[in-house]
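So you know, we letter chains A, B, ... as the sequences are listed, proteins then strands, and number each from 1. Predicted model, so just to flag it, every value in this text is computed and none were measured.
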Amino acid sequence: MLVRDTISAAISNALERAHQDGALNVDSVPSIEVERPNNPEHGDFATNLPLRLARAARSNPLHLAEVIAARVPTGPEIASVTPAAPGFINFRLNDHWLQDQVEAVRAAGDSFGASDFGAARKIMVEFVSVNPTGPVHVGHARGAVLGSALANALHAAGYAVTREYYVNDAGSQMEAFYRSVWARYRQALGQPADLPDNGYHGDYIAGIAADIIAADGRRYLDMDDPAAIRAIGDVAREKMVALIRDDLDAIGVRFDNWFSERQLFRDADYDRAMARLRQGGHLAERSGALWFNSTALGDDRDNVVVRSSGEPTYFASDIAYHFNKFYGRSFERVIDIWGADHQGHVPRMKAAVAAMDIAPENLTVLISQMVTLKRGAETVRASKRTGDFVTLRELVDEVGLDACRYFFLARAASTQMEFDLELATKESSENPVYYVQYAHARNASILKLAADRAIDYAAGDVRLLDSPHELTLIRTMLRLPELIVQVAENLEPHHLPHYAMELATAFHHFYENCRVISANPDDNALTLARLKLVAAAQIAFHRTLTLMGMTAPDRMERT
RNA sequence: GUCCCAGUAGCUCAGUGGAUAGAGCGGUUGCCUUCUAAGCAACUGGCCGCGGGUUCGAAUCCUGCCUGGGACGCCA
């Protein structure tokens, strides 16, 4: 149980008691909010309940704060409960309790920060899902990093998470991709061939064609065109998906499942979803096409699901896909992470989900906004159509996985951001990535020295950790569990890097002010206690960096 | 024209109903005999885009305007 919840419960009891005593007279009590005050002088936690209760209680808020505070007992966790003007109640944690948490963190190890907030509910995070017609573009890197970190946090917060990539392997874009590979294949073998009008121009197409020639030779030339395109398309698609998988792996993004769009048609999810919409009266035929009446459900216009050619649209398969997520695979909650260019698609998807009798709040679409790449003051162009686009792979090669992930994570998903390649590349104090990792490395080198000297600190007494820097470090470590819940609840992974900075600051301050392994034998007891704190901090750093998908280096050298 | 996102320190961004608005970078100045100076300490720097409203209390909520980016297809 989080301390925050303990305090919340204690306030609730106090209200009850005040009621019984006749000291408080209200009909209804607003929800109890316990927050972290900005100013450390106000303690570890605070509530503004008296301020919000004052009107209903027809009383002065400060007086109410006194009435309630007097009825909140102190205890093992809470050292003091103080009313404060104009009507807050401030709570300070007990130093002994804080010190004891060092042992608790060490005992928790890699499960430190985990909670059962999610109650093992089935949740899917679907992200990236780039069409397998080309390598992953830098524009998708942000969504990839956000999705993977969010999934990590949801897992730590107790959800049963599935990370999924939706492979759009049906539809007209794929057809253009197949034909492009076919054309390059023929050209490479000296046959006349033109890229289709909507074809893909990137060099990677020729690369795939060359790979196919190396493996299969000229044999596709013996087939008639439609058969050859189908056969070579199958091979090319698998190669492309494998390339995408490798690209994403390079930025530390891995999936539990790669879901094929074509499966929706094979397994009749498409038929079932359309039948359901038809039953609900949500489909209508008009000018030869089949339309989804999304206007009736709040969208600003209707949308075609089956073209007059009889081909289903992308929207239709997305409806079937969400039918599959909720009904086929019983996910209680689904989070889709889409690029900014899909924002217009959100209202109709929400409408379609509602039309299939799925509570719309169970589908959350996060839009990962545009990223402007810069190199110092200069804007870096990244254009897919021209063929010379900046790929995710190029970005990782230039900047490195850790800096990439850190910078993408540090910004709220819903806001457009600038990514400065120059700043992210600099391996210097200018780069906050190294500030965090350096704290972990300093931490590791203390533990290594202790190990080299065979210092056994198992008997260390954590109650000796009573300096402000030690207690601040403990306090900061202990915020991780509630931070993870916050990230999971609000779907805001950008809090992680900011927390990591604060944890690193607390550690660096401790490091500067509290010599851990002392040369003086008189300090032996304190050395053992501090080693326990360092071991606990190591866990907190490791957990934080792992959640962000970053590496936690034991050594860092200037080059 | 409609819809979405944003406007906070010189730059990049946190803070989204509370108490004195923060961080990193930049700029100025100090600190390495002792677990790594990729660190620490100090200073510098703000009509929180503008106007109105709601509230005991607004950077945060509502509304109008201004500025920038994006989306509006029987493409995906």
Side-chain angles (χ1 to χ4, degrees), chain A residues 33 35 37-39 41-42 46-48 51-52 54-55 61 84-88 90 129-131 133 168 170-174 176 198 261 286-291 300-301 303-309 311-315 317-318 339-347 367 369-370 372 374 376-377 407 410-420 423 426-439 441-450 452-453 494-495 497-498 501-502 504-505 507-509 511-513 515-520 527 530-531 534 555-559:
Chain A
E33 282 164 28
E35 58 176 20
N38 289 324
N39 186 337
E41 285 172 21
H42 297 139
T47 184
N48 61 1
L51 282 162
R52 295 192 296 134
R55 186 186 287 254
F88 294 98
N90 296 331
S129 301
V130 187
N131 285 355
T133 54
N168 291 117
S172 59
Q173 297 293 319
M174 280 314 282
N198 58 349
E261 181 183 2
R286 213 180 316 146
S287 40
L290 191 62
W291 296 71
D300 54 356
R301 44 183 291 271
N303 295 279
V304 170
V305 284
V306 182
R307 301 181 182 93
S308 41
S309 67
E311 286 287 304
T313 59
Y314 163 82
F315 179 46
S317 41
D318 223 8
D341 53 340
H342 283 62
Q343 63 185 1
H345 188 57
V346 177
I367 296 297
Q369 282 290 347
M370 300 268 299
T372 308
K374 305 206 107 168
F407 277 92
R411 314 291 183 235
S414 62
T415 70
Q416 289 155 210
M417 66 174 281
E418 295 201 345
F419 190 110
D420 188 344
L423 177 61
K426 262 185 201 165
E427 300 198 33
S428 73
S429 57
E430 293 172 47
N431 193 327
V433 178
Y434 299 94
Y435 182 81
V436 175
Q437 291 186 321
Y438 185 53
R442 274 183 151 179
N443 198 316
S445 86
I446 295 172
L447 293 175
K448 182 176 183 302
L449 182 65
D452 290 349
R453 296 197 187 161
H494 71 270
H495 297 301
H498 293 278
M501 283 295 280
E502 286 181 45
T505 299
F507 183 81
H508 286 308
H509 289 182
Y511 184 95
E512 293 289 332
N513 291 284
R515 175 77 200 180
V516 177
I517 299 175
S518 172
N520 184 347
T527 290
R530 284 179 171 168
L531 280 170
V534 170
R555 283 199 67 78
M556 289 174 70
E557 318 264 359
R558 264 188 181 287
T559 46

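- For U20(B), the base has a donor-acceptor partner in the side chain of Asn39(A) [N/O atoms by modelled type, under 3.5 angstrom].
- Look at the C1' atom in both A59(B) and G46(B): the space between them is 11 Å, to the nearest Å.
- Across U2(B) and U8(B), the matching C1' atoms stand 29 Å from one another, rounded to whole Å.
- Taking the P atoms as reference points, U12(B) lies 15 Å from G26(B), given to the whole Å.
- The partner of G30(B), taking Watson-Crick or G-U wobble pairs whose two distances both stay under 3.5 Å, is C40(B).
- Projected onto RNA chain B by closest heavy-atom contact, Tyr511(A) and Met417(A) fall at different nucleotides, the more 5' of which corresponds to Met417(A).
- The side chain of Arg307(A) lies closest to C74(B) when the candidates are C74(B), G70(B), U34(B).
- Nucleic acid contact class of Asn90(A) (heavy atoms, under 4.0 Å, all strands): base.
- Here Met556(A) lies in heavy-atom contact (under 4.0 Å) with a base.
- Side-chain atoms of Arg307(A) come within 3.5 Å of backbone atoms of Pro312(A) as a donor-acceptor pair (strictly under, hydrogens ignored).
- Nucleotide G15(B) holds its P atom 12 Å from the CG atom of Asn38(A), rounded to whole Å.
- When heavy atoms are screened at a 4.0 angstrom cut-off, His495(A) is found touching the sugar-phosphate backbone but no base atom.
- For Thr527(A) (side chain) and Ser518(A) (main-chain N/O), a donor-acceptor pair under 3.5 Å exists by modelled atom type.
- More than 12 heavy-atom neighbours from other residues, nucleotides or ligands sit within 6.0 angstrom of CG on Asp341(A).
- Arg442(A) places its CZ atom 7 Å from the P atom of C40(B), with the value rounded to the nearest Å.
- In this structure, the nucleotide among A19(B), G39(B), C4(B) sitting nearest to the side chain of Gln343(A) is C4(B).
- Proximity note for Thr415(A) (side chain, C-beta onward) versus G39(B), A6(B), C35(B): the nearest is A6(B).
- Closest to the side chain of Glu41(A), out of U20(B), G18(B), A38(B), is U20(B).
- Proximity note for His498(A) (side chain, C-beta onward) versus G18(B), C13(B), G68(B): the nearest is C13(B).
- Between the side chains of Gln173(A) and Thr133(A), not a single donor N or O lies within less than 3.5 Å of an accepting N or O.
- Partner assigned to G57(B) is none, using Watson-Crick or G-U wobble distances below 3.5 angstrom.
- Taking 4.0 angstrom as the limit, Tyr435(A) places none of its side-chain polar atoms (N or O) nearer than this to OP1 or OP2 of A37(B).
- C35(B) is unpaired under the Watson-Crick or G-U wobble criterion, no partner having all donor-acceptor distances under 3.5 Å.
- In this structure, Gln369(A) reaches the sugar-phosphate backbone alone: every heavy-atom distance under 4.0 Å involves primed, P, OP1 or OP2 atoms, never a base.
- Atom NE2 of His342(A) and atom P of C5(B) are 18 Å apart (whole Å).
- Contact detail for Ile517(A) and Ile446(A): the closest heavy-atom pair is CD1-O, 3.6 Å.
- Each of Leu51(A) and Pro312(A) has a nearest nucleotide on RNA chain B; the 5'-most of these lies closest to Leu51(A).
- Checking A14(B), A76(B), C40(B) against the side-chain heavy atoms of Glu512(A) singles out C40(B) as nearest.
- If you take CD of Glu418(A) and P of C11(B), they are 11 Å apart, rounded to a whole angstrom.
- Looking at every heavy atom in both residues, Val304(A) comes nearest to Ala289(A) through CG1-CB, 4.2 Å.
- If you check every strand for non-hydrogen atoms under 4.0 Å, Arg453(A) touches nothing.
- Spacing between atom CG of Asp341(A) and atom C1' of C75(B) amounts to 12 Å, rounded to whole angstrom units.
- Among the protein residues, Ala54(A) comes within range of no part of the nucleic acid, since none of its heavy atoms lies under 4.0 Å from any strand.
- Here the nucleotide nearest the side chain of Ser308(A), chosen from C5(B), A23(B), C74(B), is C74(B).
- For Asn198(A) against A76(B), a side-chain-to-base donor-acceptor contact under 3.5 Å is absent.
- Nucleic acid contact class of Arg515(A) (heavy atoms, under 4.0 Å, all strands): base.
- The glycosidic torsion of C32(B) lies within 90° of 0, placing the base in the syn range.
- Both geometric conditions, a ring-centre gap below 5.5 Å and a plane tilt below 30°, are fulfilled for His42(A) over the base of A19(B).
- Counting any heavy atom pair closer than 4.0 Å across all strands shown, Ala46(A) reaches a base atom.
- An aromatic stack links Phe88(A) and the base of A19(B), using centre distance under 5.5 Å and interplanar angle under 30°.
- Rounded to a whole Å, the NE2 atom of His494(A) is 10 Å from the C1' atom of U16(B).
- Partner of Pro432(A) under the side-chain contact (heavy atoms from CB on, under 4.5 Å) criterion, out of Met501(A), His498(A), Gln437(A): Met501(A) alone.
- Using a 4.0 Å heavy-atom criterion, one finds that Ser309(A) contacts no nucleic acid atom at all.
- When Watson-Crick and G-U wobble pairs are counted only if both distances are under 3.5 Å, A71(B) pairs with U2(B).
- In this structure, U63(B) and G51(B) make a Watson-Crick or G-U wobble pair, each of the two defining distances being under 3.5 angstrom.
- Counting any heavy atom pair closer than 4.0 Å across all strands shown, Ala519(A) reaches no nucleic acid atom.
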Stepwise side chain to side chain donor-acceptor pair (under 3.5 Å) test for Tyr435(A) and Thr505(A): CA-CA 8 Å; Tyr435(A) 182 81; Thr505(A) 299; 3.0 Å; yes

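- You'll find that the side chain of Ile517(A) is closest to C35(B), out of C35(B), G24(B), G15(B).
- The separation between Asn431(A) atom CG and G39(B) atom C1' is 15 Å, rounded to whole Å.
- Ranking A76(B), A71(B), C13(B) by closeness to the Tyr314(A) side chain, first place goes to A76(B).
- Across the protein-nucleic acid pair, Glu33(A) atom CD and G18(B) atom P stand 9 Å apart, rounded to whole Å.
- The listed nucleotides are G68(B), G24(B), A76(B); the one nearest the side chain of Gln173(A) is A76(B).
- Ring geometry, His345(A) versus Phe315(A): the interplanar angle exceeds 60°, so the pair is classed perpendicular (tilted spans 30 to 60°).
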